[in-house]
Number of protein chains: 2
Amino acid sequence: MVSRVESAAATRRALVDAAADLLDEGGPDAVTLRAVGARAGVSRGAPYGHFPDKEHLLAAVAAKSWQEVGDRLDELIADRALPPAVRLERSLAGLMEVGRRRPHAYALMFAAPTEEHPDAIAAVSRTHDQFLAIVAEVVKGPDRAGPLGALLMTSLHGIVAMENSGQLTPEKWHVTGDELLRMLIARIA
Amino acid sequence: MVSRVESAAATRRALVDAAADLLDEGGPDAVTLRAVGARAGVSRGAPYGHFPDKEHLLAAVAAKSWQEVGDRLDELIADRALPPAVRLERSLAGLMEVGRRRPHAYALMFAAPTEEHPDAIAAVSRTHDQFLAIVAEVVKGPDRAGPLGALLMTSLHGIVAMENSGQLTPEKWHVTGDELLRMLIARIA
DNA sequence: CTCTTCATGTGACGTTGTCATACGAACCAA
DNA sequence: TTGGTTCGTATGACAACGTCACATGAAGAG
């Protein structure tokens, strides 16, 4: 019924899911290898059969999170009835929504892939390429898509990051993150 | 010569400096209470005479880093011969320079002040007020300074953050962080 | 000079990441 | 079926860490 490799793959998936859930629920400090193993139904040492160390497990969580974003972007791209400007707006809003719903996972996604984490790097690169394609449809010049896309992506990330860190308060700046996103699109795109 | 309170204040300063140095040199993992105490010339338990826990020590490091940025902004503001636009440009470039020269400290400055860290919150608030004052001199409408300043600050932070995380590569986006900063000023301010 | 205060030093405890080792079930060859 | 191999998993152990309880010793007050 379940072969050995299937069981191992399922365990690996369960470990990544458990780590992601613990991260969402309790923040980075809650992601303990012992807790991850317990939630995945295995022991504390089991992760070492799938990941060299904790950092690689977290990289797998980041890769999974990026893949989910990429899948949503794929849906946006596949919907040919959508005007390019709407696609761009929804792609930005979608990423912002992830930053608000899963702030810890979002921070992990934008953290530095310090060592060699091919899966995470590939997932990030794919999503960036998708976003660049969406931007390229709005601004007709392909050579302008790169810089404009970078400005949009970095600015959006700054808005979400400062919002999540509590440094973007409406009392101080007289503006909300949503309004900043609208300003960004109006002035940049 | 050295009273007891002076010695205690010096020790506290030495602890914060040691933590900042260790953070700059070896990243967050290098900031151990034992290592901080050793570099400050005291034992591993000494920090608990000045800070309730490690988080408060790191908050003091963040506060000190923000104060240094604020002092540089004060110099910019005091130089009345500087055109407002140049002041704004230099304030943004100065913060970007900190993000590049001290990436770990920069990340700590923009991390969430999770609990009550009055010193850190005050230092952040002061710097934001200074930046808002600089922006207000460029855009004459005081009610526009808030949103515009927020857009500039968040976007700059996004550029620096993605640059430091290695996700803003010129190969992918066909643009550098410096060019993005110039685009930002040209299109926003 | 005595007593108090308080920063500091030290031992100890629980937790964590990680490694070495042992176990056991799934696979393969006969 | 039978025997041996592979490999994911479980467990014991260790060093390092944050933190606490307690001891120490010198500075300041009377």
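Naming: A, B, ... by sequence-line order, numbering from 1 per chain.
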Q: Ignoring hydrogens and angles, are the base of dG17(C) and the side chain of Arg44(A) linked by a donor-acceptor pair under 3.5 Å?
A: no
Q: Between Gln167(A) and Trp173(A), is the side chain to side chain contact (heavy atoms under 4.5 Å, CB included) condition met? List the steps.
A: CA-CA 10 Å; Gln167(A) 294 189 12; Trp173(A) 301 94; 5.9 Å; no
Q: Do Lys54(B) side-chain atoms and Val31(B) backbone N/O form a donor-acceptor pair below 3.5 Å?
A: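 Side chain of Lys54(B) to backbone of Val31(B): a pair is present.
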Q: Please check if the side chain of Asp53(B) supplies one atom and the backbone of His56(B) the other of a donor-acceptor pair under 3.5 Å.
A: yes
Q: Please write out the pairs of protein N or O atoms and N or O atoms of nucleotides 26-28 of chain C separated by less than 3.5 Å, giving the distance to one decimal.
A:
from    : atom 1 : to      : atom 2 : distance (Å)
dC27(C) : OP1    : Arg4(A) : N      : 3.0

Q: Does anyone know the first and last nucleotide of DNA chain D in reach of chain B, 5' to 3', at under 4.0 angstrom to a heavy atom?
A: dC17(D) to dG28(D)
Q: Using a cut-off of 4.0 Å on non-hydrogen atoms, how would the nucleic acid contact of Thr11(B) be classed: base, sugar-phosphate, or nothing?
A: sugar-phosphate
Q: What distance separates Ser7(B) OG from Arg12(B) CZ, expressed to the nearest 0.5 Å?
A: 14.0 Å
Q: Return the CD1 to CD distance between Ile159(B) and Glu179(B), rounded to the nearest 0.5 Å.
A: 11.0 Å
Q: Pick from Glu75(B), Glu137(B), Glu89(B), Arg90(B): which one makes a side chain to side chain contact (heavy atoms under 4.5 Å, CB included) with Leu82(B)?
A: Arg90(B)
Q: Answer yes or no: is there a donor N or O on one side and an acceptor on the other, between the side chain of Thr154(B) and the main chain of Leu151(B), under 3.5 Å?
A: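 Answer holds: yes.
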Q: Pick base, sugar-phosphate or nothing for Ser43(B), based on heavy-atom distances below 4.0 Å to the nucleic acid.
A: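 Base contact.
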Q: State which residue, out of Val69(A), Thr127(A), Leu73(A), fulfils the side chain to side chain contact (heavy atoms under 4.5 Å, CB included) condition with Leu95(A).
A: Val69(A)
Q: Stepwise, does the side chain to side chain contact (heavy atoms under 4.5 Å, CB included) test hold for Lys64(B) with Val61(B)?
A: CA-CA 5 Å; Lys64(B) 180 199 170 197; Val61(B) 174; 5.7 Å; no
Q: Looking at Glu163(B), is its backbone amide N or carbonyl O close enough to the side chain of Arg100(B) to form a donor-acceptor pair, meaning the two atoms are under 3.5 Å apart?
A: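 No, the answer is negative, given that no donor and acceptor are paired below the 3.5 Å cut-off.
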Q: To the nearest angstrom, how far is Arg12(B) atom CZ from dC6(C) atom C1'?
A: 16 Å
Q: Whole Å only: how far is the CG atom of Asp29(B) from the P atom of dT18(C)?
A: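 Nearest whole value for this atom pair: 10 Å.
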Q: In whole angstroms, how far is the C1' atom of dG17(C) from the CZ atom of Phe51(A)?
A: 16 Å
Q: Let me know the distance between OH of Tyr48(A) and C1' of dT21(C), rounded to the nearest Å.
A: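 Distance, rounded to whole Å: 16 Å.
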Q: What nucleic acid atoms does Val31(B) come within less than 4.0 Å of, heavy atoms only: base, sugar-phosphate, or nothing?
A: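 Since only primed, P, OP1 and OP2 atoms lie under 4.0 Å of Val31(B), the category is sugar-phosphate.
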Q: dG17(C) C1' sits how many Å from Lys54(A) NZ, rounded?
A: 8 Å
Q: Within residues 17-28 of chain A, find the residues that approach DNA chain C with a heavy atom at under 4.0 Å, and present them sorted by residue number.
A: none
Q: Has Trp66(B) got a side-chain atom pairing as donor or acceptor with Met109(B)'s backbone, closer than 3.5 angstrom?
A: yes
